[in-house]
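None of these values were measured; they are calculated from a predicted model.
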Amino acid sequence: WSALCAVRQHGDALALAAEELRADKEVALAAIRQDWRALRHAALSVRGDREVLLEAIQLSGYALQHAVEDMRSHPELVAAAMAQAFPALEVAVMPLFPDVDGLDPAFWNSCSDRSGITGKLRPAVAIVAK
């Protein structure tokens, strides 16, 4: 209860909370609602929760930078981050194997093309088709 009150007043108080509280979705969301930057102090399980991330990203697209790596390539989250703050695209992760991951390469190419930095989101290593 006291941790919940603390993070509602100062989101960064989550950094001082015990690991089990940083993994508590309710406590983490209360901190994020007070200050989206509190997401960086949440447990990995919370930073990998699509619902939590979507709420944080709606507060600031830059919250995407604190998501676990797998979620930084989630098309819905990337699109929401871009809608809130287009430069947040810089922290998105383009999957190396979008066909295997079930992600649409056209989505990533369109993000790259719309940003004016064509090719930035394409893999740095050439992918050889088998």
Side-chain angles (χ1 to χ4, degrees):
W1 171 252
S2 62
L4 199 52
C5 290
V7 298
R8 282 183 177 152
Q9 292 178 9
H10 301 283
D12 270 346
L14 189 61
L16 304 173
E19 183 62 31
E20 63 191 34
L21 291 171
R22 289 188 283 142
D24 184 294
K25 188 173 175 177
E26 180 183 6
V27 173
L29 273 172
I32 292 163
R33 288 174 183 142
Q34 199 285 320
D35 182 352
W36 67 268
R37 292 173 199 89
L39 180 60
R40 69 177 170 241
H41 303 300
L44 287 174
S45 61
V46 173
R47 291 188 286 137
D49 184 298
R50 191 192 66 76
E51 182 182 323
V52 171
L53 293 171
L54 191 55
E55 186 163 340
I57 287 167
Q58 288 171 346
L59 296 171
S60 173
Y62 293 106
L64 185 63
Q65 69 187 308
H66 300 300
V68 295
E69 188 171 349
D70 289 350
M71 296 306 281
R72 285 189 285 148
S73 64
H74 191 288
E76 179 185 12
L77 297 176
V78 172
M82 288 172 44
Q84 207 288 326
F86 193 84
L89 181 60
E90 291 181 15
V91 298
V93 174
M94 198 254 186
L96 283 176
F97 306 102
D99 295 332
V100 175
D101 294 340
L103 301 173
D104 181 10
F107 170 81
W108 291 99
N109 293 336
S110 72
C111 290
S112 183
D113 294 342
R114 284 184 294 164
S115 70
I117 47 175
T118 303
K120 180 180 185 300
L121 295 177
R122 291 184 173 84
V125 178
I127 298 173
V128 179
K130 291 184 178 184

query = Nearest heavy-atom pair of A43 and E19: which atoms, and what distance?
reply = CB-OE2, 3.4 Å
note = With sequence neighbours left out, the residues meeting salt bridge (charged side-chain N to carboxylate O under 4.0 Å, His left out) with R47 are none
request  = Working to the nearest 0.5 Å, report the span between CD of Q84 and CG of L64.
outcome  = 11.5 Å
key: For D24, salt bridge (charged side-chain N to carboxylate O under 4.0 Å, His left out) partners two or more places apart   = none
ask   = Could you walk me through whether V78 and R72 pass the side-chain contact (heavy atoms from CB on, under 4.5 Å) check?
value = CA-CA 7 Å; V78 172; R72 285 189 285 148; 6.0 Å; no
inquiry  = I'd like to know if the side chain of S60 and the backbone of I57 have a donor-acceptor N/O pair within less than 3.5 Å.
reply    = no
message = As a quick check of understanding, evaluate side-chain contact (heavy atoms from CB on, under 4.5 Å) for V27 and R22, giving each step before the final call.
response = CA-CA 7 Å; V27 173; R22 289 188 283 142; over 6 Å; no
ask   = Can you name the side chain to side chain donor-acceptor pair (under 3.5 Å) partners of Q34, sequence neighbours left out?
value = none
inquiry  = For the backbone of Y62 and the side chain of Q65, can you confirm whether one donor and one acceptor N or O come within less than 3.5 Å of each other?
reply    = yes
ask   = Could you state the interatomic distance from CD1 (I32) to NE2 (H66), rounded to the nearest 0.5 Å?
value = 10.0 Å
Point-to-point distance, once rounded to the nearest 0.5 Å, from CZ of R33 to CZ of R8 = 8.5 Å
ask   = Is there a donor-acceptor pair under 3.5 Å between the side chain of H10 and the backbone N or O of D12?
value = no
remark   = Exactly one candidate in L29, L53, L14 meets side-chain contact (heavy atoms from CB on, under 4.5 Å) with L39; the answer is L53
